[in-house]
**Q** 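My structure is below; once you've seen it, I'll send some questions.
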Number of protein chains: 2
Amino acid sequence: MEPMKEKELQILNASLDLFVERGFHGTSTSEIAKSAGVATGTLFHYFKTKEELINRLYLYSKECMLQEINDDYHSENSFKDNINALWTALVDFGINNSAMFQFILSFHCSPYITSLTKKEVETRSERIMEAYILGLEKQKIKDVPYDLIVDYLWGSVVTTVNYFEKHPQKMNPQIRDLAFDLFWDGISR
Amino acid sequence: MEPMKEKELQILNASLDLFVERGFHGTSTSEIAKSAGVATGTLFHYFKTKEELINRLYLYSKECMLQEINDDYHSENSFKDNINALWTALVDFGINNSAMFQFILSFHCSPYITSLTKKEVETRSERIMEAYILGLEKQKIKDVPYDLIVDYLWGSVVTTVNYFEKHPQKMNPQIRDLAFDLFWDGISR
DNA sequence: TACTAAACCGACTAATCAATCTATAAATAT
DNA sequence: ATATTTATAGATTGATTAGTCGGTTTAGTA
């Protein structure tokens, strides 16, 4: 991604919080501009339309998340350890970037995100996941459609992050590892 | 719930589809009225405000879902069989009532649903789940916080329903049972 | 210093929104 | 039969919206 102007980032960050809180149509461009400390004219200088804003915001958020799991794969580690590292990185990202995580969650199947944006994100996502995927040693994992396992991993991450959001006092590595076991013991034979 | 006038139901059904497709603020009351085949005046006769409409729609949807799992508990069956019946009933509801399921998913933590509505739904929900909960025999289940198990069950249902939505050709009882095993083997020791 | 282009501003506009209002028609009660 | 309430419609209203426009400031460059 190209480096971003300061005001552009301010607008992205302001709209991130507002979109999560009130949704796409529930947030007016003037509110975003005010919250970002810029004029509406400036907003439309950086983003041609409100739709372009949310699409760029989606790309930006996904990019942030993917960067977190980019360097976690180590071929010398066991398959379980690698999956655990991936799962944990995603959960940690969700906890430390609550708004971004919720945004990705809420908007990944939203009609405002164009299919072009989705495709761009998916291609990137698949390339990064590839390393983990290749390690999918069939003998240790149940004979279940590959993409069901992937969806199930993401579902488990989402459940865990939301659980920690709801019960912050229970947020500790022990329960986190316990939650991973719920996933791992489910998929392993 | 009280019996509903015909037009009231038409409005609820029309708004269900539109809210899922375009969100709360993305759907205008005039669109809802048109799609329901009534005038806007009629809509506001049955629902004082747009917010009341979405709250009543939420109650109505949850009620439909809870009715599906109301009579499935049988104390003479094993704990696993009961949990399986619950899980399967929820997945089947999600498949057969796609819009309602997505609506519940999207709006259960939405700011438009008042805390009063949420409380009303939760109380009802907890009373129905109680039977299943009581059967939670600790010796068969991992020693994990009770509400994490509940969240994890719901997460597993959501993942499974969405998977079937995405891959309709893979929607069969075999894969459904396989998905249940992913959940069950995760929580059982 | 003088020129240019990009960044930035906020008043403005046409469209759209939730909700109201007035007017009938239908149903129910007396 | 008559009075009263309820159901329905659609035109209307004041507020709000996404996006524009003309002008000003800032930053880079010759």
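Numbers restart at 1 for each chain; the letters A, B, ... are given by sequence-line order, proteins then strands.
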**Q** Could you go through nucleotides 22-27 of chain D and list every protein N or O atom that sits under 3.5 Å from one of its N or O atoms, giving the distance for each pair?
**A**
none

**Q** Does a side-chain N or O of A:Thr42 approach OP1 or OP2 of C:dA7 to a distance below 4.0 Å, or not?
**A**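 No.
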**Q** Would you say that A:Tyr163 contacts A:Met171 through its side chain, given a criterion of any heavy-atom pair below 4.5 Å between the two side chains?
**A**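 SC-SC contact between A:Tyr163 and A:Met171 ruled out.
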**Q** Calculate the interatomic distance between A:Arg22 atom CZ and D:dT16 atom C1'; express it in whole Å.
**A**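 To the nearest whole Å, that distance equals 14 Å.
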**Q** Assuming nearest nucleotide by heavy-atom distance, tell me which of A:Thr40 and A:Gly26 is located more 5' along DNA chain D.
**A**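 Per heavy-atom nearest nucleotide, the more 5' residue is A:Gly26.
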**Q** Would you say a side-chain N or O of A:Lys48 is under 4.0 Å from OP1 or OP2 of D:dG19?
**A**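 No, outside the criterion.
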**Q** For B:Leu53 and C:dC17, give me the distance from atom CG to atom P, rounded to whole Å.
**A**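 Nearest whole value for this atom pair: 15 Å.
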**Q** Do B:Tyr112 and B:His25 make the cut of ring centroids closer than 6.0 angstrom?
**A**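 Yes: the rings meet the under 6.0 Å criterion.
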**Q** Crowded around A:His108 NE2? As in, over 12 foreign heavy atoms under 6.0 Å?
**A**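 No.
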**Q** Side-chain N or O of B:His45 less than 4.0 angstrom from OP1 or OP2 on D:dA7?
**A**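 So the side-chain polar atoms of B:His45 do come within 4.0 Å of the phosphate oxygens OP1 or OP2 of D:dA7, strictly under.
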**Q** Nearest whole Å is fine: how far is D:dT17 P from A:Lys34 NZ?
**A**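 The answer, rounded to whole Å, is 10 Å.
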**Q** Could you check how far CG of B:Leu43 sits from P of D:dT6, rounded to whole Å?
**A**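 Interatomic distance, CG of B:Leu43 to P of D:dT6: 19 Å.
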**Q** Quick one: are the ring centres of B:Phe107 and B:Tyr58 less than 6.0 Å apart?
**A**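 Centroid separation for B:Phe107 and B:Tyr58: 6.0 Å or greater.
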**Q** Check whether any side-chain nitrogen or oxygen of B:Thr29 sits under 4.0 Å from OP1 or OP2 of C:dA18, and answer yes or no.
**A**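 Yes, such a contact exists.
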**Q** Are the charged groups of B:Asp92 and B:Arg176 less than 4.0 angstrom apart, N to O?
**A**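 Here B:Asp92 pairs with B:Arg176 in a salt bridge, since their nearest N and O are under 4.0 Å apart.
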**Q** Over how many whole Å does the gap from A:Gln10 atom CD to C:dA7 atom P extend?
**A**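 Rounding to the nearest Å, CD of A:Gln10 and P of C:dA7 are 15 Å apart.
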**Q** In whole Å, what is the span from the CD1 atom of A:Ile32 to the C1' atom of C:dC8?
**A**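 After rounding, the gap between these two atoms is 18 Å.
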**Q** Return the nearest nucleotide to the side chain of A:Tyr46; candidates are C:dA19, C:dC8, C:dC17.
**A**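 The answer is C:dC8.
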**Q** Report yes if the distance between the aromatic ring centroids of B:Trp154 and B:Phe101 is under 6.0 Å, otherwise no.
**A**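 Under 6.0 Å, so yes.
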**Q** What is the distance, to the nearest angstrom, from the NZ atom on A:Lys5 to the P atom on C:dA7?
**A**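 Those two atoms, NZ and P, are 4 Å apart.
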**Q** Verify the contact: side-chain N or O of B:Lys7 to OP1 or OP2 of D:dA9, cut-off strictly under 4.0 Å; return yes or no.
**A**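 Checking D:dA9 against B:Lys7, a side-chain N or O does come within under 4.0 Å of OP1 or OP2.
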**Q** In whole angstrom, give the distance that lies between atom NZ of A:Lys50 and atom P of D:dT16.
**A**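 Atom NZ in A:Lys50 sits about 15 Å away from atom P in D:dT16.
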**Q** Which heavy atom of B:Lys170 sits nearest to which heavy atom of A:Pro145, and what is that distance?
**A**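 Shortest heavy-atom separation between B:Lys170 and A:Pro145 comes out as NZ-CB, 3.9 Å.
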